[in-house]
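Below, read A as the first sequence line, B as the second, and so on, with proteins coming before strands; counting in each chain starts at 1.
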There are 2 protein chains.
Amino acid sequence: MAANLLNARDMALHACLCAASRPLSAYDLLDARRAAEPRIAPTAIYRSLTKLEKAGLVQRVATLNAWIARPPKLPAEPSVLAICDSCGAVEQVAEAGVIQAVTDAVTRSGFHPNRPVIEVHGHCTRCESETDPIRSAPR
Amino acid sequence: MAANLLNARDMALHACLCAASRPLSAYDLLDARRAAEPRIAPTAIYRSLTKLEKAGLVQRVATLNAWIARPPKLPAEPSVLAICDSCGAVEQVAEAGVIQAVTDAVTRSGFHPNRPVIEVHGHCTRCESETDPIRSAPR
DNA sequence: CCCGAAGATGTTATAGAGTAACATCAAATG
DNA sequence: CATTTGATGTTACTCTATAACATCTTCGGG
Ligand SMILES: [Zn+2]
Ligand SMILES: [Zn+2]
Ligand SMILES: [Zn+2]
Ligand SMILES: [Zn+2]
C-alpha cells in the first residue's frame, strides 16, 4: 500500500491555489488543469483536494464553496478564516486560543467537538480604508 | 412600501423548520411546500428563506447547505452551531463571549468583521454515549 | 379615476458544486 | 503468472442556487 503520496497533479493543484490571491472553486481548478490534462473530470479534482486536505495542504472555505492553500507552517490544524467580501482575499488567522474557546463552549453544553469551522466575513484592512471614509447610509 | 412582512408561505416554511429535528435543505422545504402549492419553484423558497433570515427567524448552516429555525430568544444574532455528524441534530449554542472572542481575534490582525460563521462538527451527548463505549479500531 | 413607478411574485431556464457507479489500470504479493 | 487491492478514468447524474424576464399588486400624483 502506501500510495497516499502526492502525485504531479496534486502538486499542480496545490501550486494553483498557492499562486491565487483568492480562493478557487473546484471548477476553477478544473479549468486551470484542462490546459495540461484536457480530459480531466471533476471527480479527479475532488479526489486530489481530499488528499491535499488530509495532508493539511489545503483547506475548504465552507461559506464560499472554494479552496485555499494553507501556509507551510502549522500543517494540520484548521484556521480561523477572515474573508473580505470586497476583494475576496482570505486571511488565515492562527489563533489557537480562539479555536479552543469555541470547542470549550460547545463542550460545556455536552457536545463532543471534532471539526471546528470558523469563518468571518467582513472587509480587509485595505478595502475598509478605501470604502469607509465615505460612510454611506447613516440612517 | 413596507411589504417586508412575512406572508403565509414564509410562516409555513418557518413552521416546517421548527418542526424538524434536523436542518432541512431548500429542496426539502420545496418538496414539503408542494403539497400546498404544487407549482412553487426554488426561487420562491430562496426568497422566503432570505426574508426569514433577515428577520432572524432562520439561519443557514453553511457546512450542510441547509437551514434551521432559530429559537424565539435572541432573535437577530448568529449562533455557534454544534452539528452532530451521527444523528444530524444541530444545537444552537448561545455563547456571545465566544463570538466576541472570534471577532476580536480577526480584528487584532486588522480585519473588520461583519458576519461570523462558527460551526463545530462532532457528536452530540446521546450519540457519543451510544457509540463510544464500544471503542472500535484501537490500532 | 387613470397612470406610471416600484416592489413583490411567478416562471423558465441555467449555472455551479459535488458524488455515485462502474470500467480500467497499476502495483504488490505469493 | 494469477490474484487481489487500491488508484485513476469515465459517464452520468443529483443537489444547490441564481439569472433573467414576465406578470401582478400597491400606491401616490395628476
Ligand atoms: Zn479586501
Ligand atoms: Zn466595512
Ligand atoms: Zn447525535
Ligand atoms: Zn465521538
Are the side chains of B:Ile68 and B:Leu81 in contact, using a 4.5 Å heavy-atom criterion? yes
Rounded to the nearest 0.5 angstrom, the CD1-CZ distance for B:Ile83 and A:Phe111 is 7.5 Å
Would you say A:Lys51 places a side-chain N or O within less than 4.0 Å of OP1 or OP2 belonging to D:dT8? yes
Tell me, please, which residues at least two apart from A:Asp31 pass side chain to side chain donor-acceptor pair (under 3.5 Å). none
Within less than 4.0 Å of OP1 or OP2 of D:dA17, is there a side-chain N or O belonging to B:Asn65? yes
Mind jotting down which residue pairs meet the salt bridge (charged side-chain N to carboxylate O under 4.0 Å, His left out) criterion with at least one end in residues 7-28 of chain A? Sequence neighbours excluded, please. A:Arg9-A:Glu37, A:Asp10-A:Lys51
Give the residues of residues 17-38 of chain A touching DNA chain C, defined as any heavy atom closer than 4.0 Å, sorted by residue number. A:Ser25, A:Tyr27
Rounded to whole Å, the CG-C1' distance (A:Leu5 to C:dA27) equals 14 Å
Length of the line joining B:Asn7:CG and D:dT25:P, which is rounded to integer Å: 15 Å
Any B:Arg9 side-chain N or O less than 4.0 Å from OP1/OP2 of C:dA8: no
Joint cluster assignment, B:Val90 & B:Val120, ILVMFWY side-chain distance < 4.5 Å: no
Is there a residue in residues 39-47 of chain A whose heavy atoms reach under 4.0 Å of DNA chain D, and which residues are they? A:Arg39, A:Ala41, A:Thr43, A:Arg47
Separation of D:dT16 atom P from B:Leu49 atom CG, nearest Å, is 12 Å
Anything under 3.5 Å between a donor and an acceptor, one on a side chain of residues 52-65 of chain A, the other on a protein residue two or more places apart or in another chain? List them.
unit_1	atom_1	unit_2	atom_2	d
A:Gln59	OE1	A:Arg70	NH1	3.0
A:Thr63	OG1	A:Glu119	OE1	2.5
A:Thr63	OG1	A:His121	NE2	2.8

Applying salt bridge (charged side-chain N to carboxylate O under 4.0 Å, His left out) as the test, list every pair that has at least one member in residues 91-104 of chain B; sequence neighbours left out. A:Arg108-B:Glu95
When rounded to the nearest 0.5 angstrom, what is the spacing between CZ in B:Arg126 and OG in B:Ser86? 11.5 Å
Expressed as a whole number of angstroms, how long is the span from B:Glu53:CD to D:dA17:C1'? 14 Å
